[in-house]
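I have placed the structure first, in the form of C-alpha cells, so that the comments after it can refer back to it.
Residue numbers start from 1 in every chain, and the chains themselves are labelled A, B, ... in the order their sequence lines are given, proteins ahead of strands.
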Protein chains: 2
Amino acid sequence: MKFENRLADRGRWRADRCSIASVLEALGTRTTFLVVRECFYGTTRFDDFVDRTGVSAPAVSRAMRMLESAGVVVRVPYQDEGSRVRDGYQLTSAGEDLLPVLLAMIQWGDTYLQEATPPLVFVERNSGRPVKVRVSADGLDDLGPADIEVRRPVPRDLGQQTTRS
Amino acid sequence: MKFENRLADRGRWRADRCSIASVLEALGTRTTFLVVRECFYGTTRFDDFVDRTGVSAPAVSRAMRMLESAGVVVRVPYQDEGSRVRDGYQLTSAGEDLLPVLLAMIQWGDTYLQEATPPLVFVERNSGRPVKVRVSADGLDDLGPADIEVRRPVPRDLGQQTTRS
DNA sequence: CCGTATCCTGATAGATACTG
DNA sequence: CAGTATCTATCAGGATACGG
C-alpha cells in the first residue's frame with residue numbers, strides 16, 4: 001500500500017533534495033501548467049494562450065518568461081501576411097517530456113474530479129486506442145505503490161550517513 | 001511534434017473545462033504535492049510531514065485539510081503506548097492513483113533539473129528494475145506527443161456547439 | 001507530541017493602461 | 001494583434017503562540 005521505505009524511517013528527508021520541489025519551483029505555478037497544456041494542444045500565439053487558458057495576459061507573459069528560462073518553451077518567430085514578425089511559443093524537447101506529467105494529471109482529474117463526461121479524450125493516432133499513463137519497469141507494467149521500492153542511489157557508505165551533508 | 005488538434009483551431013477552449021485546472025485547484029499548491037509525496041514515502045504522522053517536507057506546521061495543516069476534502073487523504077487514528085489517540089494520515093485509493101503524476105514529475109525533474117545524481121531511485125521490488133512512467137495505448141508503448149490525438153468525446157452535435165454551456 | 005488560530009510577509013493573478 | 005509595466009487584491013507560506 002505504500003513504498004517500502006528505508007527512507008521515511010531514516011533521519012531527515014529534506015525537501016530540497018527532492019525533484020518534486022524543484023519541478024514545482026521551476027514550473028512555478030498553476031498558470032504555467034495551463035500554458036504548457038495549451039502548448040500540447042498546439043497553441044502557439046500569445047493571445048490564443050490568453051483566450052484558451054482563461055488567464056490574463058500579464059500572467060501569460062510572466063509564465064512564458066518562466067518557462068523560457070526553465071528551458072521548457074522557446075520563442076519561434078513567425079510572420080503573417082502584412083504583419084510584422086512576432087514570437088510564437090513552442091515546447092522544447094524538455095517541454096515535450098512533460099507529457100507524462102500533464103497526461104497523468106488529466107487522467108487523475110478525469111477520474112476523480114470531473115462530474116460529467118471527460119472533457120477530452122486522448123487516443124493513439126492510428127489505432128484510435130485510448131492513451132494511458134502507466135507506471136512500469138521494463139516488461140512489467142501497471143505497477144502500483146506496493147510494487148515499488150525507493151532507494152538512495154548507492155551513497156558511498158550507506159552505513160551511517162557520514163558523507164551526507 | 002504536437003497534438004493534431006481540431007481543438008486549438010476551434011473557438012474558445014476554456015480552462016474551466018480542463019482537468020488540469022481542476023487538479024491544480026483541488027490539490028492546491030506546492031506544499032500539497034510535497035505532502036502527497038511524503039505519503040508515498042510512507043510518512044503518516046504530522047510532525048514527520050513537517051520535518052521531511054521542510055514545510056511549516058500550519059502549511060501542512062492546511063494542506064491536509066485540502067487533501068482530505070479532495071478525498072486524497074484520510075485521517076486514520078493511531079495510538080502510541082501511554083499517549084492518547086492521534087490522527088495519522090494516509091492516502092486513499094484516489095490518493096494512490098496520484099502515483100503516476102508524482103513519479104512523472106520526479107522523473108522530469110531528475111532529468112532536467114537536478115545537476116548531480118538523482119536523489120532517489122524507484123525500482124520494482126522484486127526485480128530491482130528501474131521504474132518508469134510511460135505513455136502508452138494498450139500494447140503500444142512509449143508514445144510521444146506526435147502519436148497522440150486529442151478528441152472531444154462525441155459531443156451530441158459537433159457542428160456548432162449549441163448544447164455546450 | 002500533535003495540531004490549529006492568528007498575524008504578517010512575499011509571491012501571484014487580474015485590471016488597466018500603454019507601446020509597437 | 002502582441003506584448004509589457006504598473007498597481008492592487010488575493011492567496012500561499014512562515015513565525016509565533018496557544019490548546020489538547
- Intermediate values then yes/no, salt bridge (Lys or Arg N to Asp or Glu O under 4.0 Å), B:Asp47 and B:Arg52: CA-CA 8 Å; B:Asp47 275 18; B:Arg52 307 211 259 245; over 6 Å; no

Could you check how far [atom1] of [X] sits from [atom2] of [N], rounded to whole Å?
X       : N      : atom1 : atom2 : answer
A:Met66 : C:dA11 : CE    : P     : 12 Å
B:Asp48 : C:dC2  : CG    : C1'   : 11 Å
B:Arg75 : C:dC2  : CZ    : C1'   : 11 Å
B:Glu68 : C:dT4  : CD    : P     : 9 Å
A:Met64 : C:dA13 : CE    : C1'   : 16 Å
A:Leu34 : C:dG14 : CG    : P     : 10 Å
B:Arg62 : C:dT6  : CZ    : P     : 12 Å

- For DNA chain C, the dot-bracket pattern of Watson-Crick and G-U pairs whose distances stay under 3.5 Å, | for other-strand partners: |.||||||||||||||||||

Would you check if the side chain of [X] reaches a backbone N or O of [Y] as a donor-acceptor pair within less than 3.5 Å?
X        : Y        : answer
A:Ser61  : A:Ala57  : no
A:Thr111 : A:Gln107 : yes
A:Thr53  : A:Phe49  : yes

- Trace of the salt bridge (Lys or Arg N to Asp or Glu O under 4.0 Å) decision for B:Arg134 with B:Asp142: CA-CA 6 Å; B:Arg134 294 199 166 88; B:Asp142 283 36; 2.9 Å; yes

By the 4.0 Å heavy-atom rule, please label [X] as base, sugar-phosphate, or nothing.
X       : value
A:Thr29 : sugar-phosphate
B:Arg30 : sugar-phosphate
B:Ala57 : base
A:Asp87 : sugar-phosphate

- Assess the side chains of B:Ser93 and B:Glu96: does a donor N or O sit below 3.5 Å from an acceptor N or O? no

- Item | Among C:dA13, C:dG20, C:dT4, the nucleotide that comes nearest once only the side chain of A:Arg84 is considered | C:dG20

- Among C:dC2, C:dA13, C:dG3, the one nearest any side-chain atom of B:Arg45 is C:dC2

- Item | In one Ile/Leu/Val/Met/Phe/Trp/Tyr side-chain cluster, 4.5 Å: A:Met66, A:Val35 | no

- Is any side-chain heavy atom of A:Val55 less than 4.5 Å from a side-chain heavy atom of A:Val50? no

- Side chain to side chain, B:Trp108 and A:Asp97, heavy atoms closer than 4.5 Å: yes

- Item | Leading and trailing nucleotides of DNA chain D with any atom under 4.0 Å from heavy atoms of chain A | D:dC1 to D:dA5

- Message: Let me spell it out: for each of A:Arg86 and A:Thr31, pick the nucleotide of DNA chain C with the closest heavy atom. Which residue's pick is nearer the 5' end?
- Response: A:Thr31

- Is the shortest distance from a Lys or Arg side-chain nitrogen in B:Asp138 or A:Arg129 to a carboxylate oxygen in the other one below 4.0 Å? yes

- If you pin A:Tyr89 and B:Ser56 to their nearest nucleotides in DNA chain D, which one's is more 5'? A:Tyr89

- Note on the structure: Of A:Pro58 and A:Tyr78, the one whose closest nucleotide on DNA chain D sits nearer the 5' end is A:Tyr78

